[in-house]
There are 2 protein chains.
Amino acid sequence: MTSSGTRKYEQQRQSAIRSAAAVFAEKGFHGSCTKDIAEHMGIKQGSLYYYFKSKEEALDEVCLYGIQDYVQHMEKIADGDQTFEAKLIATVTSHLSSYREKNEALKVYNDERLYLPSERRRRLKKLGSDYRQRLEGIFENGKESGAIKQSVDCHFAAQAVIGMCNAWGDLIVRDPDLDLFEVIQNCTDLLFNGFTNKS
Amino acid sequence: MTSSGTRKYEQQRQSAIRSAAAVFAEKGFHGSCTKDIAEHMGIKQGSLYYYFKSKEEALDEVCLYGIQDYVQHMEKIADGDQTFEAKLIATVTSHLSSYREKNEALKVYNDERLYLPSERRRRLKKLGSDYRQRLEGIFENGKESGAIKQSVDCHFAAQAVIGMCNAWGDLIVRDPDLDLFEVIQNCTDLLFNGFTNKS
DNA sequence: TTTAACTTCTATAAGTCTATAGAATTTTGC
DNA sequence: GCAAAATTCTATAGACTTATAGAAGTTAAA
């Protein structure tokens, strides 16, 4: 009943968050029921409420789990003093690695439809737009330093990178044998040079 | 009771499909109830079943509505005898225009989690992968004709274009004042030349 | 105007799902 | 090994949803 700080409690709560992430990612929040989550984790439906106050709270935890180090990593990249090229490569690498590792929670996080109800969830959503703004800042710096063309629209560029990484991330998740390094290679090459032959 | 071919029946059914698209897009299939759809359309919950056998059938219709001309347009582009550049521009233009017009239905269509149950839905899903394969073919031709670099991975490239268009499409939908032409410009410039300055 | 076909409504059965209460079981500290 | 605390279980109330049946209302044709 108490959210006690027991070792087991914390472990089981983490396990519950991961189970919720898996089930939500597969069927969507409204498509899953607490029974599914409990079964995935190996306990009974009612027992889940020892770890969460509600299904909504489980969702909050999954979203937080999915986004937190993702954004932290971006801050480090953005604040660093590398070149534009290095920062963009680091971003793509971080985004795609994170996708492989926590794709389920990220998938849940990325579902826009879930961001209306709670205040907490709105704050979580803001983390995502922070991420985009940081990336936008990287592009702006790149423009100032002359690394990228003046014609580039930084807002669009950031959106494009994120959209592309998500699309590639899906591929990575579906095909676990796919070489992450190769994907990153392809992705950065497109972003820097485009597809066209310049011979 | 009969799925009669009355004028009014057909009109109301279309209206029901559009309402379903709007509600599903906002709340997700499992997050919406037939009452929401009926209210959006201005009738009572039970009356909806005069137009659909089930909620699932409504979903099928929404998906079909969202994807059909989208794919047809792609076939025309792919089969045409334009240059690689022209085809890619046409693809991006078609994709983004379609997004502005039917984004709700497309959003529903793009939700993977809905593609397990019915045979009909699996066929619909296939239309999406047809689309990607056609685009992949355009890239392959571009490689043969020397328009694009040999190092480009056509499978990834197609996925990248689609992912980027979807991300940009979201922007367009959220900000209706956004100039479609400018977005297309940005998008194609990235795809052809990348961000990097080549001075 | 009358009649038949069409469209919409009301009411509800049957099912599912969340969240809670309290009992039962397991674990921990002494 | 015992008592207290922590964890899990069972059972269920209460709410919500889909889909159906049949009544009521509307439109169209003769």
Side-chain angles (χ1 to χ4, degrees), chain A residues 1-24 26-63 108 113-114 116-118 120-121, chain B residues 1-24 26-63 108 113-114 116-118 120-121:
Chain A
M1 192 182 283
T2 43
S3 309
S4 51
T6 319
R7 174 157 200 85
K8 177 164 191 196
Y9 181 87
E10 294 306 331
Q11 282 179 345
Q12 286 288 73
R13 191 160 205 271
Q14 277 302 310
S15 163
I17 292 172
R18 282 195 302 273
S19 287
V23 175
F24 289 162
E26 192 192 331
K27 307 191 180 184
F29 177 71
H30 294 293
S32 0
C33 58
T34 52
K35 187 159 178 279
D36 295 335
I37 300 169
E39 260 167 22
H40 186 280
M41 164 179 183
I43 61 175
K44 299 286 175 179
Q45 185 266 336
S47 309
L48 207 60
Y49 285 78
Y50 186 58
Y51 298 104
F52 299 121
K53 205 169 86 347
S54 65
K55 193 184 169 193
E56 291 277 336
E57 189 184 292
L59 176 58
D60 288 343
E61 294 303 315
V62 169
C63 289
V108 176
R113 290 179 296 244
L114 304 175
L116 301 91
S118 81
R120 171 124 197 252
R121 205 97 35 78
Chain B
M1 190 181 287
T2 43
S3 309
S4 51
T6 319
R7 174 159 199 82
K8 177 164 191 194
Y9 181 87
E10 293 306 332
Q11 282 179 343
Q12 287 288 75
R13 192 163 204 271
Q14 277 302 310
S15 163
I17 292 172
R18 282 194 303 272
S19 288
V23 174
F24 288 162
E26 193 192 331
K27 307 190 179 187
F29 176 71
H30 294 293
S32 358
C33 57
T34 53
K35 188 161 177 278
D36 296 334
I37 300 170
E39 261 167 22
H40 186 279
M41 164 179 184
I43 61 175
K44 299 285 176 181
Q45 186 265 337
S47 308
L48 207 62
Y49 285 78
Y50 186 56
Y51 299 104
F52 298 121
K53 206 169 86 342
S54 66
K55 193 184 167 192
E56 290 278 336
E57 189 184 292
L59 176 60
D60 287 343
E61 294 302 314
V62 169
C63 289
V108 177
R113 291 179 294 244
L114 304 174
L116 301 90
S118 82
R120 172 127 195 251
R121 206 96 37 75

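So that the names make sense, note that chain A is the first sequence line, chain B the second, and so on, each numbered from 1.
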query: Taking only N and O in the side chain of A:Q12, is any of them less than 4.0 Å away from OP1 or OP2 of D:dT8?
result: yes
query: Which pairs with one or both residues in residues 36-45 of chain B pass salt bridge (charged side-chain N to carboxylate O under 4.0 Å, His left out), sequence neighbours excluded?
result: B:K27-B:D36, B:K35-B:E39
field: Euclidean distance, atom CZ of residue A:R7 to atom C1' of C:dG29 [Å, nearest integer]
entry: 18 Å
field: Separation of D:dG25 P from B:K44 NZ (nearest whole Å)
entry: 14 Å
message: Output one letter per nucleotide in nucleotides 15-28 of chain C: B when a protein non-hydrogen atom lies under 4.0 Å from the base, S when only the sugar-phosphate is that close, - when neither is.
response: --SBBB--------
message: Rounded to whole Å, please give me the gap between CD1 in B:I37 and C1' in D:dT18.
response: 11 Å
- prompt: Listed by chain and number, what are the side chain to side chain donor-acceptor pair (under 3.5 Å) partners of A:S32, not counting sequence neighbours?
  reply: none
- prompt: To the nearest Å, how far apart are B:L48 CG and D:dT20 P?
  reply: 12 Å
- line: Against the side chain of B:Y51, the closest entry in C:dT10, C:dT8, C:dT7 is C:dT8
statement: Whole-Å distance, A:E10 CD to D:dA6 C1', equals 13 Å
- request: Kindly write out the residues that satisfy side chain to side chain donor-acceptor pair (under 3.5 Å) with A:Q12, not counting sequence neighbours, or none if the list is empty.
  value: none
- request: Sequence neighbours left out, what passes side chain to side chain donor-acceptor pair (under 3.5 Å) with A:S47? Give chain and number order.
  value: none
- prompt: Is the phosphate of C:dT8, meaning OP1 or OP2, less than 4.0 Å from a side-chain N or O of B:Y50?
  reply: no
- prompt: Who pairs with B:K8 by side chain to side chain donor-acceptor pair (under 3.5 Å), at least two apart in sequence or on another chain?
  reply: none
task: Check the angle between the aromatic planes of A:F29 and A:F24 and answer parallel, tilted or perpendicular using the 30° and 60° thresholds.
output: perpendicular
- prompt: When the distance from CD of B:E39 to C1' of C:dT8 is rounded to whole Å, what number comes out?
  reply: 15 Å
